[in-house]
Amino acid sequence: MSFTIYVRMKKPGRGMSRDLPPVPFVLGERPATVRRLLLDLTELGVRDYNERKDEGQLLPFLTREEISTQALRGKVAFGAHTGEKALLHKALENTIQCFEDGIYRVFAGDEELTGLEDAIPWKDDLIFTFIRLVMLSG
């Protein structure tokens, strides 16, 4: 069985006010907690990244739709992947550490999810928003 969630990814700056289209992610099951959501999305990302490397798709071409979507996010890139495969255990550790350190915030609809063990308030048409905070140095 699979479960599809929708996620918007943002970072503060010039493009923050634009309404970004949600991106679908297909998970094995509906996560019950914030921790499970983050770990499932990270595992999916690592798997997809490593599969693209295995297929030799290191420098993919961009379709008009991909260019438009990336332009809305504020950056158009080929997504060239060089170097080693991503290590799942390190990516999972990093995901949790970054959440705990406040590097990014997670919202379920308009509700901020602040704890790893918080239950996800599932409802129809729920869209998650991830906001990556950019640290400034003086």
Side-chain angles (χ1 to χ4, degrees):
M1 184 175 133
S2 63
F3 185 78
T4 302
I5 65 167
Y6 294 87
V7 178
R8 282 190 185 102
M9 293 179 225
K10 299 181 177 186
K11 70 178 181 180
R14 291 177 279 165
M16 182 76 171
S17 61
R18 288 190 216 137
D19 192 24
L20 299 174
V23 177
F25 289 90
V26 178
L27 304 176
E29 60 185 32
R30 185 168 92 172
T33 65
V34 174
R35 178 185 302 274
R36 188 74 264 154
L37 172 70
L38 298 176
L39 294 176
D40 288 351
L41 287 171
T42 301
E43 185 175 344
L44 181 63
V46 167
R47 187 175 1 146
D48 288 349
Y49 174 84
N50 287 338
E51 284 174 4
R52 283 193 309 272
K53 287 188 74 61
D54 289 344
E55 293 171 0
Q57 188 181 351
L58 300 181
L59 190 59
F61 65 91
L62 295 176
T63 65
R64 287 186 191 273
E65 182 178 314
E66 290 170 319
I67 291 169
S68 296
T69 300
Q70 288 186 31
L72 284 173
R73 291 188 181 135
K75 180 180 178 184
V76 178
F78 281 101
H81 304 290
T82 58
E84 301 295 318
K85 281 187 163 188
L87 299 174
L88 180 59
H89 72 279
K90 289 194 181 267
L92 295 172
E93 289 173 10
N94 190 49
T95 294
I96 298 302
Q97 188 66 56
C98 287
F99 181 82
E100 290 175 335
D101 290 347
I103 302 297
Y104 62 92
R105 302 264 174 93
V106 179
F107 292 82
D110 293 331
E111 181 181 339
E112 183 174 5
L113 304 174
T114 58
L116 287 169
E117 302 312 319
D118 288 353
I120 296 176
W122 290 106
K123 59 184 176 187
D124 291 341
D125 301 326
L126 179 63
I127 296 176
F128 293 93
T129 302
F130 285 65
I131 301 176
R132 182 179 60 157
L133 302 176
V134 180
M135 304 302 166
L136 301 175
S137 62

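All of these numbers come straight from a predicted model, not from anything done at the bench.
- Expressed to the nearest 0.5 Å, how far CZ of F99 lies from CZ of R35 amounts to 9.5 Å.
- A pairwise comparison of heavy atoms in L113 and A119 identifies CD2-O, 4.4 Å as the closest pair.
- Taking the side chain as every heavy atom from C-beta outward, R105 and L133 approach each other to under 4.5 Å.
- Residues M9 and R132 have side chains not in contact (no heavy-atom distance under 4.5 Å, counting atoms from C-beta outward).
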Would you list the atom pairs, donor with acceptor, under 3.5 Å between side chains in residues 22-34 and any protein atom, with sequence neighbours excluded?
| unit_1 | atom_1 | unit_2 | atom_2 | d |
| --- | --- | --- | --- | --- |
| T33 | OG1 | R36 | N | 3.2 |

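- In this structure, the side chain of D118 engages the main chain of T114 through a donor-acceptor pair within 3.5 Å.
- Listed here is the closest heavy atom pair of L88 and E43: CD1-CA, 3.8 Å.
- Listed here is the closest heavy atom pair of I5 and F3: CG2-CE2, 3.4 Å.
- With rounding to the nearest 0.5 angstrom, the CD atom of E111 is 7.5 Å from the NZ atom of K123.
- I127 is not listed as a side-chain neighbour of V7, based on a closest heavy-atom distance of 4.5 Å or more.
- No side-chain heavy atom of L126 sits under 4.5 Å from any side-chain heavy atom of Y6.
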Before you tell me yes or no, could you show the steps for E100 and L116 under side-chain contact (heavy atoms from CB on, under 4.5 Å), namely the whole-Å CA-CA distance, both residues' side-chain angles and the distance that decides it to 0.1 Å? CA-CA 8 Å; E100 290 175 335; L116 287 169; 3.5 Å; yes
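- Ring geometry for W122 versus F128: interplanar angle over 60°, hence perpendicular rather than tilted (30 to 60°).
- Without hydrogens or angle criteria, Y104 side chain to T95 main chain gives a donor-acceptor distance under 3.5 Å.
- Taking both residues in full, the closest heavy atoms of L38 and T42 are given as O-OG1, 2.8 Å, listed atom of the first, atom of the second, then distance.
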